[in-house]
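Values below: all heavy atoms of this structure, side chains included; hydrogens, waters and symmetry mates excluded. Every chain is numbered from 1, with letters handed out A, B, ... down the list of sequences.
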Number of protein chains: 2
Amino acid sequence: MKPLPRHQDPRCVPVRRLLQTIGSKWSTLVVLHLEADSKRFSELKRAIGGVTQKSLTSTLRELERDGLVERVVTPTIPPRVDYALTPLGRTLLDPIKALTSWAIENNDAVLAARARYERLNEAA
Amino acid sequence: MKPLPRHQDPRCVPVRRLLQTIGSKWSTLVVLHLEADSKRFSELKRAIGGVTQKSLTSTLRELERDGLVERVVTPTIPPRVDYALTPLGRTLLDPIKALTSWAIENNDAVLAARARYERLNEAA
DNA sequence: GAGGACAGTTTCCAAAAGATACCTGGGTAT
DNA sequence: ATACCCAGGTATCTTTTGGAAACTGTCCTC
């Protein structure tokens with residue numbers, strides 16, 4: 001029974017949980033790729049590129065667990081599995097896009113800051 | 001020289017870098033705490049609570065490296081170190097707040113989804 | 001009946017993140 | 001003098017994350 005590190009800030013808990021989810025390496029890419037329409041597992045894998053089955057599986061499980069993505073099994077022969085954003089997941093698109101827009105627009109500024117930082121600190 | 005895993009999606013690179021930075025355990029808390037005014041190291045540490053020196057140090061270094069936070073050393077005796085958001089860092093406040101608002105507003109929905117998920121999958 | 005697509009699972013492994021604890025070295029209060 | 005504040009640094013440990021590769025098992029095509 002460790003005395004849970006008490007974070008004074010109540011903002012911490014849900015915010016950290018969200019950032020944990022969408023901060024994982026592939027989840028935002030998955031969400032963005034599902035915006036237009038639902039996709040099958042290997043469609044997603046191909047579309048994203050560079051992701052292993054395991055990583056994609058666990059990413060999808062996490063998003064599914066949090067109710068952001070829905071796993072739709074169509075019991076045809078052979079069964080077909082599609083992944084789609086839930087309504088809740090769709091409400092995340094706006095904040096995520098705000099963030100990705102920022103990242104793209106300020107990419108140069110961040111890279112410049114990094115270069116400057118390294119110039120000042122590696123030079124020593 | 002590893003042949004960098006090439007991600008087809010060009011959105012990936014800057015977005016991943018940003019999420020890497022702000023997805024780290026304490027960085028959003030730091031940014032939010034610096035919104036009103038600059039703070040000293042131990043002020044931040046106390047205000048956030050539950051963070052170790054090492055984690056706070058590396059968080060601040062990362063934010064500084066990316067040009068989001070500025071480290072201001074006032075050469076008084078004893079020297080005094082303040083951390084403040086840069087103008088670039090301030091532009092991140094809006095997207096971050098959009099995300100944190102989402103997290104807080106949809107906290108219940110996410111928790112409900114988790115409970116449902118676990119009920120369905122652990123039950124087996 | 002060999003091979004490949006689909007949708008994974010499992011095992012093993014390396015790298016990164018985070019926590020704990022201890023050290024520095026000057027300044028300040030008692 | 002002693003002990004604590006500030007702003008860290010270092011060393012070690014555990015946990016988490018992510019990647020590689022192999023394996024399942026059903027279906028379809030050649």
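The line from CG of A:L92 to CG of B:L99 is 7.0 Å long, rounded to the nearest 0.5 Å.
Side-chain contact annotation: B:R65 with A:Y117, donor-acceptor N/O pair under 3.5 Å absent.
In this structure, A:K39 atom NZ and C:dG8 atom C1' are separated by 20 Å, rounded to whole Å. Protein atom CD of B:E62 is 11 Å distant from nucleotide atom C1' of C:dA16, rounded to whole Å.
Under a 3.5 Å cut-off, the side chain of A:K39 and the backbone N or O of A:D82 do not form any donor-acceptor pair. Under the 3.5 Å distance criterion, the side-chain polar atoms of B:R46 are left unmatched by any main-chain donor or acceptor of B:F41. Formation of a donor-acceptor pair under 3.5 Å by the B:T74 side chain with backbone atoms of B:T76 is not found in this model. Using a distance-only test at 3.5 Å, with no hydrogens or angles considered, no donor-acceptor pair links the side chain of A:T28 to the main chain of A:I22.
Residue contacts shown for B:S55 are limited to sugar-phosphate atoms, with no base heavy atom under 4.0 Å away.
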Please list, pair by pair, any protein nitrogen or oxygen found under 3.5 Å from a nitrogen or oxygen in nucleotides 5-7 of chain D.
unit_1 : atom_1 : unit_2 : atom_2 : d
D:dC6  : O5'    : B:S42  : OG     : 3.3
D:dC6  : O3'    : B:R40  : NH2    : 3.2
D:dA7  : OP1    : B:R40  : NE     : 3.1
D:dA7  : OP1    : B:R40  : NH2    : 3.2
D:dA7  : OP1    : B:V81  : O      : 3.3
D:dA7  : OP2    : B:F41  : N      : 3.4
D:dA7  : OP2    : B:S42  : N      : 3.0
D:dA7  : OP2    : B:S42  : OG     : 2.9

Anything under 3.5 Å between a protein N or O and an N or O of nucleotides 12-17 of chain D, put it in a table, one pair a line.
unit_1 : atom_1 : unit_2 : atom_2 : d
D:dT17 : OP1    : A:Q20  : NE2    : 3.1

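Taking both residues in full, the closest heavy atoms of A:V30 and A:L60 are given as CG1-CD2, 3.9 Å, listed atom of the first, atom of the second, then distance.
Side-chain proximity of B:T57 to the nucleotides C:dA19, D:dG8, D:dA20 is greatest for D:dG8.
For the pair A:L120 and A:R116, the minimum side-chain heavy-atom distance is below 4.5 Å.
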